[in-house]
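I have placed the structure first, in the form of structure tokens, so that the comments after it can refer back to it.
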Amino acid sequence: MEKGVRQGDPLSPFLFIIAMEGLNLAMTTTVNKGVFDGINFPNSNICLSQLFYADDTLFIGEWLRHNIANLARILRCFYVSSRLKVNFSKSKVFGVGASPSEILNWSAPLGCEP
């Protein structure tokens, strides 16, 4: 016997929202503690580090090696706690102003395509 809900169960979207709120809280906490550097907007206290839409997530941060490594750790912890795994074969890493070889090297810890 397996645990969990079946596909199409009316409770499923609510459980997913609760799990994603955990990821939102984890990202917000790591940004506040300086573990992950999001994008700061000038002349405001707003720091953008993640956007959620339906079942998609966009992580936004400074182009720093420790951001990539820490994002990989955060996603691993999220998987261990929620059993929701990121499909890295469908994920992409983009680097604004970075060379293609740098993007290729830095995307390796996440297992994403550049």
Side-chain angles (χ1 to χ4, degrees):
M1 180 177 269
E2 288 189 29
K3 297 178 182 176
V5 294
R6 293 180 183 216
Q7 186 173 358
D9 189 308
L11 189 58
S12 184
F14 298 110
L15 294 175
F16 182 77
I17 290 170
I18 291 169
M20 293 310 287
E21 183 58 30
L23 180 58
N24 181 46
L25 183 60
M27 283 301 297
T28 302
T29 302
T30 57
V31 168
N32 290 339
K33 291 185 176 192
V35 175
F36 185 89
D37 297 319
I39 302 295
N40 291 307
F41 289 94
N43 302 323
S44 73
N45 291 335
I46 298 173
C47 180
L48 185 63
S49 61
Q50 75 273 359
L51 294 171
F52 296 102
Y53 180 77
D55 62 348
D56 294 324
T57 303
L58 178 66
F59 296 103
I60 304 162
E62 295 289 336
W63 188 250
L64 303 168
R65 190 170 291 279
H66 80 268
N67 262 1
I68 297 286
N70 288 334
L71 181 59
R73 290 180 187 111
I74 292 164
L75 293 175
R76 176 70 182 147
C77 290
F78 177 69
Y79 169 69
V80 168
S81 64
S82 69
R83 296 316 240 183
L84 294 174
K85 191 172 186 179
V86 175
N87 187 346
F88 287 110
S89 65
K90 292 182 178 180
S91 301
K92 299 270 187 198
V93 173
F94 298 97
V96 177
S99 69
S101 62
E102 186 179 29
I103 296 169
L104 180 65
N105 291 336
W106 286 30
S107 62
L110 290 172
C112 298
E113 291 184 23

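For the pair V93 and C112, the tightest heavy-atom approach, listed with the atom from each and the gap, is CG2-CB, 3.7 Å. Summarising the geometry of D37 relative to G34, their closest heavy-atom pair is OD1-O, 4.2 Å, with the distance given to 0.1 Å.
Of the inter-residue distances, the one linking R73 atom CZ with H66 atom NE2 reads 10.0 Å to the nearest 0.5 angstrom. Taking CG of L84 as the start and CE of M20 as the end, the distance is 7.5 Å to the nearest 0.5 Å. Once rounded to the nearest 0.5 Å, the distance linking CG of L15 with OG of S82 reads 11.5 Å.
The number of heavy-atom neighbours closer than 6.0 Å to CZ of F14, taken from other residues, nucleotides and ligands shown, is 12 or below.
Other members of the cluster containing L64 do not exist, because no ILVMFWY side chain is joined to it at under 4.5 Å. The other residues sharing a hydrophobic cluster with I46 are I39, F41, L48, L51, L58, I60, where clustering joins ILVMFWY side chains under 4.5 Å apart.
Pairs engaging residues 88-114 under the ring-ring contact (aromatic ring centres under 6.0 Å, His included) rule: W63-W106 [sequence neighbours left out].
Annotation: cation-pi pair R76/F78 absent, no NZ/CZ under 6.0 Å from the ring centroid and within 45° of its normal.
With hydrogens and angles ignored, the 3.5 Å screen pairs no side-chain donor or acceptor of S12 with any backbone N or O of G8. Between the side chain of N70 and the backbone N or O of F36, no donor-acceptor pair lies under 3.5 Å.
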